[in-house]
Protein chains: 2
Amino acid sequence: MFEWLKNSLEEHVSLTKEEWEYFKNYFRPKRMLKRQFLLQEGDVCRELAFVEKGSLYSYTVDSAGNKHVIRFAFEGWWMANLHSFFTEQPTRLNIEILENSELLMLDRKNHDKLLEELPAYERYNRIILQNAYVALQQRVENALGLTAEEKYDRLIEESPAFLNRVPLNLVASYLGVSPETLSRVRGNYNR
Amino acid sequence: MFEWLKNSLEEHVSLTKEEWEYFKNYFRPKRMLKRQFLLQEGDVCRELAFVEKGSLYSYTVDSAGNKHVIRFAFEGWWMANLHSFFTEQPTRLNIEILENSELLMLDRKNHDKLLEELPAYERYNRIILQNAYVALQQRVENALGLTAEEKYDRLIEESPAFLNRVPLNLVASYLGVSPETLSRVRGNYNR
DNA sequence: AAAGATTATTGACAAACATCAAGAAATCAT
DNA sequence: ATGATTTCTTGATGTTTGTCAATAATCTTT
């Protein structure tokens, strides 16, 4: 149940056995089914979610009712709306379960407590954020000023894993193109 | 010379006078003129830059020779290519001075040393990264699936400061739109 | 102040993409 | 297995946006 979290942590910092036992008790395991909502527009995001199993994704809905997928998360990834989590303001994001999932939830109080009591956790957070920032910047590079085809090219180069686990209409939204356009771009590949 | 840096730090963590004196000595002041390059494609990013005065921006150049502006930075902001800084791999980014600037440079060795020796610096980094991540996520939301006009609307809502200090062709690139389209969108405003 | 360089606007046209609509394929639930 | 959803593809059409080209405005430099 805590394997991915343990690996993620150990990848970046070192903890004693005692620290780890202490650490893991702050998390609340939570199972969720496909199509359930971890967070809905208007809610305040009160917990960070770490994915032990399954997948989920976040999106906004614009005034015309169109979904805009912001991000996916799979095993070993964190998911939350950080803006809402830190400001305690209602979110404009929805987070929906994509595949039946096992999550480890950490609320704000416990997050703050861990930051105070476990310097390794503060360091872990810094490094995770560093990596997330770099990845997100890459996403901006790939989203701006590229054609639909170029975006798709880069996606299969950089994260082919997506395509096996995420329906294409969500991939399309993630790339900022219509499902029809994505379908046509893919068609061009197979000949 | 260190005012913005001091303010930025004190906004998020508290330092004793001695710690501050110790801290600031790790930085190397550097003046740069408009159009100079802080970093060029192919270089390794060896220093973080904190902006005390002026402004600069980062961009990629695609195979067709088009600029894609990734980010601007003004007084009180950090600028670097984190990916290159941490991996020591050559960057695909250019960082160019927009207005004559005064920067405070921190190299990797000193950055690491400060992280080890000054827990407040580690915390400061985590918080700065948190905020940067939230801002970047906002940027992704605003870049994907919006029309040129909507992107411009959101820009003047969220960061009107840009428009007074950045030429419109760079703003256009930042929004992922051609200069002509941006010009037309702005035209629609004034009537 | 004048010449040169850079930046911004406008028009005409072409290309990329979204939308609408219909049908095929795959997945899910009973 | 079978029907019901959901997801995916394909075609026809219209809108948005990019590109090219010319001109105007602004900023720099001497």
Side-chain angles (χ1 to χ4, degrees), chain A residues 32-37 54-55 57 59 61-69 72 96-101 142-156 162-191, chain B residues 33-37 54-55 57 59 61-69 72 96-100 142-156 162-191:
Chain A
M32 294 190 76
L33 298 175
K34 189 172 171 169
R35 277 169 209 278
Q36 285 187 305
F37 284 87
S55 59
Y57 69 106
Y59 62 92
V61 179
D62 68 20
S63 47
N66 298 314
K67 264 190 191 183
H68 299 271
V69 172
F72 297 100
E96 191 175 329
I97 305 299
L98 190 60
E99 304 169 300
N100 296 347
S101 295
N142 292 344
L144 283 176
L146 297 189
T147 66
E149 185 153 11
E150 289 168 327
K151 291 184 199 176
Y152 183 68
D153 286 353
R154 299 210 180 174
L155 183 70
I156 51 181
F162 274 38
L163 296 167
N164 305 319
R165 296 178 67 177
V166 178
L168 291 177
N169 57 350
L170 294 185
V171 174
S173 168
Y174 179 77
L175 294 177
V177 297
S178 71
E180 292 94 336
T181 296
L182 179 61
S183 178
R184 284 184 247 266
V185 165
R186 283 163 49 85
N188 297 339
Y189 263 70
N190 311 323
R191 64 182 75 105
Chain B
L33 298 175
K34 190 170 171 171
R35 279 171 208 280
Q36 286 188 306
F37 284 86
S55 60
Y57 69 106
Y59 62 93
V61 179
D62 67 20
S63 48
N66 299 314
K67 266 191 190 181
H68 299 271
V69 173
F72 297 100
E96 191 177 329
I97 306 298
L98 190 60
E99 304 168 300
N100 296 347
N142 292 344
L144 284 175
L146 298 190
T147 65
E149 186 153 10
E150 289 168 326
K151 290 183 199 176
Y152 182 68
D153 286 353
R154 298 210 181 175
L155 183 70
I156 49 181
F162 274 37
L163 296 167
N164 306 319
R165 296 178 66 177
V166 178
L168 291 176
N169 59 348
L170 295 184
V171 174
S173 167
Y174 179 77
L175 294 177
V177 179
S178 72
E180 293 92 338
T181 296
L182 179 60
S183 179
R184 284 184 245 267
V185 165
R186 284 164 48 84
N188 297 341
Y189 263 70
N190 312 322
R191 64 181 75 104

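Proteins come first, then strands; the chains are lettered A, B, ... in the order of their sequence lines, and each starts at number 1. Hydrogens, waters and symmetry mates play no part in the numbers below; they use all other heavy atoms, side chains included.
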Looking at every heavy atom in both [X] and [Y], which two are closest together, and how far apart are they?
X: A:L182; Y: A:A172; value: CD2-N, 3.7 Å
X: B:L33; Y: B:I97; value: O-CB, 3.4 Å
X: B:R154; Y: B:N142; value: NH1-OD1, 2.8 Å
X: B:V177; Y: B:K151; value: CG2-NZ, 4.2 Å

Within the 4.0 Å heavy-atom criterion, would you say A:G145 contacts the bases, only the backbone, or no part of the nucleic acid?
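Counting heavy atoms under 4.0 Å across all strands, no contact is made by A:G145.
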Take atom [atom1] of [X] and atom [atom2] of [N], then tell me their distance rounded to the nearest Å.
X: A:N100; N: C:dT27; atom1: CG; atom2: P; value: 16 Å
X: A:L98; N: D:dT6; atom1: CG; atom2: P; value: 15 Å
X: A:L146; N: D:dG18; atom1: CG; atom2: P; value: 12 Å
X: B:L182; N: C:dT7; atom1: CG; atom2: C1'; value: 12 Å
X: A:E149; N: C:dA18; atom1: CD; atom2: P; value: 14 Å
X: A:L144; N: D:dG18; atom1: CG; atom2: P; value: 11 Å
X: B:K67; N: C:dT7; atom1: NZ; atom2: P; value: 8 Å
X: A:E99; N: D:dT6; atom1: CD; atom2: P; value: 18 Å

Please list residues of residues 164-174 of chain A whose heavy atoms come under 4.0 Å from any atom in DNA chain C, ordered by number; otherwise none.
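Per residue number, the list is empty: none.
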If you find the nucleotide of DNA chain C closest to B:S183 and the one closest to A:V177, which residue's nucleotide is nearer the 5' end?
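Going by which nucleotide is closer to the 5' end, it is B:S183.
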Based on the rotation axes of five pairs at each end, what angle does the helix from C:dA1-D:dT30 to C:dT30-D:dA1 bend through, to 10°?
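Result, rounded to 10 degrees: 60°.
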Euclidean distance, [Y] [atom2] relative to [X] [atom1], rounded to 0.5 Å:
X: A:L144; Y: B:S173; atom1: CG; atom2: OG; value: 7.5 Å
X: A:E150; Y: A:L155; atom1: CD; atom2: CG; value: 13.5 Å
X: B:L175; Y: B:E149; atom1: CG; atom2: CD; value: 12.0 Å

Only one of B:T181, B:L146, B:V185 passes side-chain contact (heavy atoms from CB on, under 4.5 Å) with B:Y152; say which it is.
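The single option meeting the side-chain contact (heavy atoms from CB on, under 4.5 Å) with B:Y152 is B:V185.
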I'd like to check [X] versus [Y] (side-chain heavy atoms, cut-off strictly below 4.5 Å). Are they in contact?
X: A:Y174; Y: A:V166; value: no
X: B:K67; Y: B:L170; value: yes
X: B:F37; Y: B:E96; value: yes

Atom pairs, N/O to N/O, protein against nucleotides 19-25 of chain D, distance under 3.5 Å?
unit_1 : atom_1 : unit_2 : atom_2 : d
D:dT19 : O4     : B:R184 : NH2    : 3.1
D:dC20 : N4     : B:E180 : OE2    : 3.1

Set out, line by line, the N/O atom pairs under 3.5 Å between protein and nucleotides 22-24 of chain C.
none

For nucleotides 26-30 of chain D, tabulate all protein N/O to nucleotide N/O atom pairs closer than 3.5 Å, reporting atom names and distance.
none

Between B:Y57 and B:F72, how do the two ring planes meet: parallel, tilted or perpendicular, split at 30° and 60°?
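Because their plane-to-plane angle lies in the 30° to 60° range, the rings of B:Y57 and B:F72 count as tilted.
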Between A:S55 (side chain) and A:L98 (backbone), is there a donor-acceptor pair under 3.5 Å?
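Side chain of A:S55 to backbone of A:L98, a donor-acceptor pair under 3.5 Å: no, none is there.
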Start with the C-alpha distance between A:L168 and A:R186, add both sets of side-chain angles, then the distance that settles side chain to side chain contact (heavy atoms under 4.5 Å, CB included), and finish with yes or no.
CA-CA 10 Å; A:L168 291 177; A:R186 283 163 49 85; 3.3 Å; yes
Would you please name every residue forming a salt bridge (charged side-chain N to carboxylate O under 4.0 Å, His left out) with B:E99, sequence neighbours left out?
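B:R165.
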